[in-house]
S.K.: 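Below is the structure I would like to discuss, written out as structure tokens.
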Amino acid sequence: MQGKALPGFRDFYPEELALRNHIFAVWRSVARRYGFEEYDGPPLEPLEIYTQKSGEEIVEQLYAFEDKGGRKVALRPEMTPTLARMVGERAQALKKPIRWFAIPQLFRYERQQRGRLREHFQLNMDVIGEAGPAADAEVMAAALDIMRAFGLGPAEVRLRISDRRVVVAKLRHSHHVAADELVPVLAALDKWERAPADSERLLTDALRADRARVRPVLEFMSGLRDGAAELRESAAAEPLNECVQRLGAMGLGPFVEVDFTIVRGLAYYTGIVFELFDQGRSLRAICGGGRYDDLIKAIAGVDLPCVGFGMGDVVLGELLKDRAKQPEAPAQLDAFLVAVSGEDVEPVLKLAHELRDQGVAVEYGLRHAAIRKQLELAAARGAPRAVIVGPDERAASEVVVRDLNAGTEEKVPVARLLNGFFR
RNA sequence: GUGGCUGUAGCUCAAUCGGUUAGAGCGCUGGACUGUGGCUCCAGAGGUUGCGGGUUCGAUUCCCGUCAGCCACCCCA
């Protein structure tokens, strides 16, 4: 034994690769239905494109090293900087709004847990060049239709939407939270449901232990879930409301919950944010995204509003396995050819090759063995039928076609077998 | 990077109080079965008990370390 794959990296055995391919196929199919074009970039990038926005500490979470030319490089942990560069470079030439998607393999150097490895594949869908909530609704609808395409409905998954601008407006105007206090206060909000004690400590520090200010903000946070209706009446909630309305018009309303406790990456998003969760929340977020209107300008110097999401294959794969929503493996073979006697081996080779030339998928036993052995292998391979070639059949220019599921047999002339039988 | 829990065959699990050569089912290979798979029966292969050290006459079992997995933290770009 040579040990296993590196921690957090996966070997894909055929069964696992089949699931991955199924996931990719659904992603591509829905993305294309929505008019998105696929792009890709290099898996290895200059380190700076990740540090310039997030600072040096992010290096700890990257696969970063120096290449033989002395360049500081990193395996990509996210797709957005690459996207920003690509779009920025051709910003004048591309017709807006741009609808692009990619399925990059991403890497991060972190301790792994369930649903969180050191590499994963992540669908990225982004609409670039449209600032209105119609674009937000469009990418969310795509994310939900992907769930539907996997057979997952509102009973299984939910989309939770927030708009940080609504929360921020309330915090600033009603609770007099200063601009430089916002980030720690939002961090406290992010923790509120998972770890109230930590959240309260964070909040107290953020507001400089001013009891008179801490208490109302605490009340505000604890009432956020039920107090959504009131917040949604504020002027700042207009984009969010339009987005929800559009999703409703598309018939996706049952999936949608407005939840102002959603915060997500603080350095990144500028408006509407959303997350897709399994009902019951036993897994991590399936998908997360939102609006990041300032990022392309920061990276590429071009002012283009963006909204998009990332959806990883790991949590999604766990969910599909948990819910038994894996696809049935389609038969790999059209037929398995069986040679009755040693004399039949060469005719089987000839027939196999003629069928393969026609695009028919066939296999035969590489070692001549008893018929029962050959049929056993045929069944194990999942072949829907066996084509049996023996001296008697050859004398009559026919073969016996055995339906391996039904156990029935019929005699078929070789000429017919080679002329449309498998079509 | 921090803390907690768990590591026995490909998989699911046994192994008495620390006691002989670590077992079973499934799976895999071969045979019973010479022109017909799934059933049944027989046999076989497969283990450094994660790894290293310690205690002991003797360690899968107890102790320490380490690695890996899981969980929480950090982070979620």
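A, B, ... follow the sequence lines: proteins, then strands. Residue 1 opens every chain. All values below were derived from every heavy atom in this structure, side-chain atoms included, with hydrogens, water molecules and symmetry-related copies excluded.
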S.K.: Would you indicate what A/Gly310 reaches in the nucleic acid, counting non-hydrogen atoms under 4.0 angstrom: base, sugar-phosphate, or nothing?
M.R.: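 No contact.
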S.K.: Do A/Arg381 and A/Phe336 form a cation-pi contact, if we require the NZ or CZ to be under 6.0 Å from the six-membered ring centre and within 45 degrees of the ring's axis?
M.R.: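 Geometry flag: not set, cation outside 6.0 Å or 45°.
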S.K.: How close or far is atom P of B/rG35 from atom CD of A/Glu398, stated in whole angstroms?
M.R.: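 To the nearest whole Å, that distance equals 18 Å.
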S.K.: Could you give the distance separating B/rG38 and B/rG7 at their C1' atoms, to the nearest angstrom?
M.R.: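 About 37 Å, rounded to a whole number of Å.
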S.K.: Please measure how far the P atom in B/rA9 lies from the corresponding atom in B/rG46, and state the result in whole Å.
M.R.: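 15 Å, rounded to whole Å.
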S.K.: Ion pair present between A/Arg160 and A/Glu257, side-chain N to carboxylate O less than 4.0 angstrom?
M.R.: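 The answer is no: the pair does not qualify as a salt bridge.
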S.K.: Counting side-chain heavy atoms from C-beta on, which of B/rC76, B/rA77, B/rG37 comes nearest to A/Arg116?
M.R.: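 Out of B/rC76, B/rA77, B/rG37, the nucleotide with an atom closest to A/Arg116's side chain is B/rC76.
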S.K.: Under 4.0 Å, heavy atom to any atom of RNA chain B: which of residues 334-352 of chain A qualify?
M.R.: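 Nucleic-acid contacts, sorted: A/Val340.
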S.K.: Rounded to the Å, how far apart are A/Tyr269 OH and B/rC76 P?
M.R.: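 After rounding, the reported distance stands at 11 Å.
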S.K.: What is the distance, rounded to the nearest whole Å, between atom CZ of A/Arg372 and atom C1' of B/rU34?
M.R.: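 Computing the A/Arg372:CZ to B/rU34:C1' distance gives 10 Å.
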S.K.: Picking from A/Leu283, A/Val315, A/Val314, what satisfies side-chain contact (heavy atoms from CB on, under 4.5 Å) with A/Arg114?
M.R.: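 In the set A/Leu283, A/Val315, A/Val314, the residue that makes a side-chain contact (heavy atoms from CB on, under 4.5 Å) with A/Arg114 is A/Leu283.
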S.K.: Starting from P on B/rA77, measure out to CG on A/Leu106 and report it in whole angstrom.
M.R.: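 One finds 12 Å between P of B/rA77 and CG of A/Leu106, rounded.
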S.K.: If you only use heavy atoms from C-beta on, which nucleotide in B/rU36, B/rA77, B/rG37 is closest to the side chain of A/Gln61?
M.R.: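 From the listed options, B/rA77 comes nearest.
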S.K.: Between A/Gly8 and A/Ala370, who's closer to the 5' end of RNA chain B by nearest nucleotide?
M.R.: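 Its nearest nucleotide lies further toward 5', so the answer is A/Ala370.
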S.K.: Are the charged groups of A/Asp145 and A/Arg148 less than 4.0 angstrom apart, N to O?
M.R.: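 Yes.
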S.K.: Please report, rounded to the nearest Å, how far the P atom of B/rC76 is from the OH atom of A/Tyr50.
M.R.: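 Distance, rounded to whole Å: 16 Å.
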S.K.: Does any part of the side chain of A/Met221, heavy atoms only, come nearer than 4.5 Å to the side chain of A/Leu218, both counted from C-beta?
M.R.: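 A/Leu218 vs A/Met221: side chains touch.
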S.K.: Taking C-beta and beyond as the side chain, do A/Leu337 and A/Val399 meet within less than 4.5 Å on heavy atoms?
M.R.: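 Side-chain contact under 4.5 Å: no.
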S.K.: Is it true that a side-chain atom of A/Glu156 and a backbone atom of A/Gln279 form a donor plus acceptor pair closer than 3.5 Å?
M.R.: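 Between the backbone of A/Gln279 and the side chain of A/Glu156 there is no qualifying donor-acceptor contact (under 3.5 Å).
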S.K.: Of all the nucleotides listed (B/rG35, B/rA77, B/rG37), which has the minimum atom distance to the side chain of A/Glu78?
M.R.: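 Of B/rG35, B/rA77, B/rG37, B/rA77 is nearest to the side chain of A/Glu78.
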S.K.: Salt-bridge test for A/Glu138 and A/Arg99: reply yes if a basic N is under 4.0 Å from a carboxylate O, no otherwise.
M.R.: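 Counted as a salt bridge, because a side-chain N and a carboxylate O are separated by less than 4.0 Å.
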S.K.: So, does A/Gln113 get its side chain near the phosphate of B/rA72, meaning an N or O under 4.0 Å from OP1 or OP2?
M.R.: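 Yes, within the criterion.
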S.K.: Using the ring of A/Phe107 (Phe, Tyr or Trp, six-membered ring only), decide whether A/Arg118 places NZ or CZ under 6.0 Å from its centre and within 45 degrees of its axis.
M.R.: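 Here A/Arg118 fails the 6.0 Å and 45° test against A/Phe107.
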S.K.: How far does the P atom of B/rG1 sit from the matching atom of B/rU12, given to the nearest Å?
M.R.: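 It works out to 28 Å between them.
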S.K.: Using the C1' atom in both, what is the distance from B/rA22 to B/rC13, to the nearest Å?
M.R.: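 Per the computed distance, 13 Å lies between those C1' atoms.
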S.K.: Expressed in whole Å, how much space separates the C1' atoms belonging to B/rU8 and B/rG47?
M.R.: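 To the nearest whole Å, 8 Å.
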S.K.: With a non-hydrogen cut-off below 4.0 angstrom, is A/Arg118 in contact with a base, only sugar-phosphate, or nothing?
M.R.: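 Nothing, no nucleic acid heavy atom in range.
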S.K.: How long is the line joining NZ of A/Lys373 and P of B/rG37, in whole Å?
M.R.: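 In whole Å, B/rG37 P and A/Lys373 NZ are 12 Å from each other.
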S.K.: May I have the distance from A/Phe309 (atom CZ) to B/rA77 (atom P), rounded to whole angstrom?
M.R.: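 The distance from CZ of A/Phe309 to P of B/rA77 comes to 14 Å, rounded to the nearest Å.
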S.K.: Out of B/rG1, B/rA77, B/rG35, which has the shortest distance to the side chain of A/Arg111?
M.R.: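 Minimum distance to the A/Arg111 side chain belongs to B/rG1.
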S.K.: OP1 or OP2 of B/rG37 less than 4.0 angstrom from a side-chain nitrogen or oxygen of A/Arg385, does that happen here?
M.R.: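 Checking B/rG37 against A/Arg385, no side-chain N or O comes under 4.0 Å of OP1 or OP2.
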S.K.: Find which nucleotide of RNA chain B each of A/Arg114 and A/Val389 is nearest to by heavy atoms, and output the residue with the more 5' nucleotide.
M.R.: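 Whichever sits nearer the 5' end wins; that is A/Val389.
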S.K.: For B/rG44 versus B/rC63, give the span between their P atoms, rounded off to a whole number of Å.
M.R.: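 Going atom to atom, P in each nucleotide, I get 38 Å.
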S.K.: Would you mind checking if A/Asp40 and A/Arg76 are paired as a salt bridge, meaning a charged N to carboxylate O distance below 4.0 Å?
M.R.: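 Looking at A/Asp40 together with A/Arg76, the answer is yes, because their closest N to O distance falls below 4.0 Å.
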S.K.: Indicate yes or no: at least one non-hydrogen side-chain atom of A/Phe150 is less than 4.5 angstrom from one of A/His22.
M.R.: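 Side-chain contact under 4.5 Å: yes.
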S.K.: Expressed as a whole number of Å, how far does the C1' atom of B/rG10 sit from that of B/rU29?
M.R.: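 That atom pair is separated by 14 Å.
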S.K.: Can you list the stems that include RNA chain B, where a stem is three or more consecutive Watson-Crick or G-U pairs with distances under 3.5 Å?
M.R.: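 Output for stems: B:1-7 with B:67-73, B:10-13 with B:23-26, B:28-32 with B:40-44, B:50-54 with B:62-66.
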S.K.: Between C1' on B/rA77 and CD1 on A/Ile299, what's the gap in Å once rounded to a whole number?
M.R.: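 The answer, rounded to whole Å, is 10 Å.
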S.K.: Hey, does the side-chain of A/Arg108 have a donor or acceptor N/O within less than 3.5 Å of a partner on the base of B/rC76?
M.R.: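 Donor-acceptor pair under 3.5 Å: no.
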